[in-house]
Amino acid sequence: HMIKMFDNIARLDFKANPTSPQDVLAGAMLSGESERMDFRSPVAAEGRVEDWMTSVLQEMRRTNRLITKEAVFYYMVDGKTRVQWIYEYQGMVVLAANQVW
């Protein structure tokens, strides 16, 4: 159902909460191409699905914004080639950051 709700998000990566092992956290999203976006802050998957999926959406936007800013900032820094920079980020982030430069 994830791919129907979010464009090309195949699944979420869940893990146990280290402070409370009975709770589950959504820590990352994986695309249909297996690109992984680790959330900056894992989202608790508890309560009503509608509520925590809304939290996943908000965290996805927040993380994507931060990753894109990071990609723009680190473009051609520290002696990395363009190809090395491309392989460090997700495809859509590279396309968006590339438009800046």
Side-chain angles (χ1 to χ4, degrees):
H1 297 293
M2 286 295 298
I3 207 157
K4 293 178 183 177
M5 294 173 61
F6 300 107
D7 190 28
N8 201 32
I9 302 301
R11 65 186 179 98
L12 292 173
D13 186 26
F14 293 99
K15 58 184 176 183
N17 187 340
T19 59
S20 178
Q22 71 272 14
D23 294 333
V24 176
L25 300 174
M29 293 189 324
L30 287 94
S31 73
E33 292 80 25
S34 298
E35 288 183 318
R36 180 182 181 89
M37 180 180 8
D38 291 313
F39 293 146
R40 298 295 185 198
S41 300
V43 177
E46 57 187 24
R48 294 180 358 173
V49 174
E50 298 86 5
D51 294 337
W52 65 263
M53 285 302 289
T54 299
S55 297
V56 166
L57 175 64
Q58 291 169 344
E59 184 58 31
M60 174 188 66
R61 289 176 177 162
R62 181 179 163 275
T63 300
N64 196 27
R65 184 172 41 252
L66 290 172
I67 291 172
T68 303
K69 285 181 180 181
E70 179 184 289
V72 169
F73 181 80
Y74 286 112
Y75 180 74
M76 302 296 282
V77 174
D78 297 332
K80 292 181 185 173
T81 66
R82 179 178 170 78
V83 173
Q84 290 170 325
W85 175 80
I86 287 171
Y87 282 122
E88 288 186 14
Y89 297 99
Q90 296 87 357
M92 291 307 293
V93 171
V94 169
L95 289 172
N98 188 53
Q99 296 300 311
V100 174
W101 297 108

Once side-chain contact (heavy atoms from CB on, under 4.5 Å) is applied, do any residues pair with L57, and if so which ones, sequence neighbours excluded?
F6, M60, R61

Euclidean distance, L25 CG relative to L12 CG, rounded to 0.5 Å
12.0 Å

Starting from L66 and following side-chain heavy-atom contacts under 4.5 Å between hydrophobic residues (I, L, V, M, F, W, Y), which residues can be reached?
none

Can you get from L30 to I67 by hopping between Ile, Leu, Val, Met, Phe, Trp and Tyr side chains that sit under 4.5 Å apart?
no

For residues 72-87, the salt bridge (Lys or Arg N to Asp or Glu O under 4.0 Å) pairs (sequence neighbours left out) are K80-E88

Pair V56-F39, side chain to side chain contact (heavy atoms under 4.5 Å, CB included): steps then yes or no:
CA-CA 9 Å; V56 166; F39 293 146; 4.0 Å; yes

Within 6.0 Å of CZ in F14, more than 12 heavy atoms from elsewhere
yes

Same hydrophobic cluster for M92 and V94, using side-chain heavy-atom links shorter than 4.5 Å among ILVMFWY?
no

Is there a path of hydrophobic side-chain contacts, each under 4.5 Å between heavy atoms of I, L, V, M, F, W or Y residues, that connects I86 with V100?
yes

Mind listing the side-chain donor-acceptor pairs of residues 44-52 below 3.5 Å, one per line with the distance, residues two or more places apart or on another chain?
from : atom 1 : to  : atom 2 : distance (Å)
R48  : NE     : D51 : OD2    : 3.3
R48  : NH2    : D51 : OD1    : 3.4

Using the salt bridge (charged side-chain N to carboxylate O under 4.0 Å, His left out) criterion, which residues pair with R40? Sequence neighbours excluded.
E70

Taking salt bridge (Lys or Arg N to Asp or Glu O under 4.0 Å) as the cut-off, I'd like each qualifying pair that reaches into residues 12-27, sequence neighbours left out, listed once.
D13-R36

Do L95 and Y75 land in one hydrophobic cluster if side-chain heavy atoms of ILVMFWY residues count as linked below 4.5 Å?
no

Same cluster or not: are V93 and F73 linked, directly or through other Ile, Leu, Val, Met, Phe, Trp or Tyr residues, by side-chain heavy atoms under 4.5 angstrom apart?
yes

Flag, side chain of E35 to backbone of G91, donor-acceptor distance under 3.5 Å:
yes

Can a donor-acceptor pair be found, under 3.5 Å and without considering hydrogens, that links the side chain of W85 to the backbone of A71?
yes

Between S41 and R62, is there a side-chain heavy-atom distance shorter than 4.5 Å?
yes

Which distance, rounded to the nearest 0.5 Å, do you find between the CE of M76 and the OG1 of T81?
7.0 Å

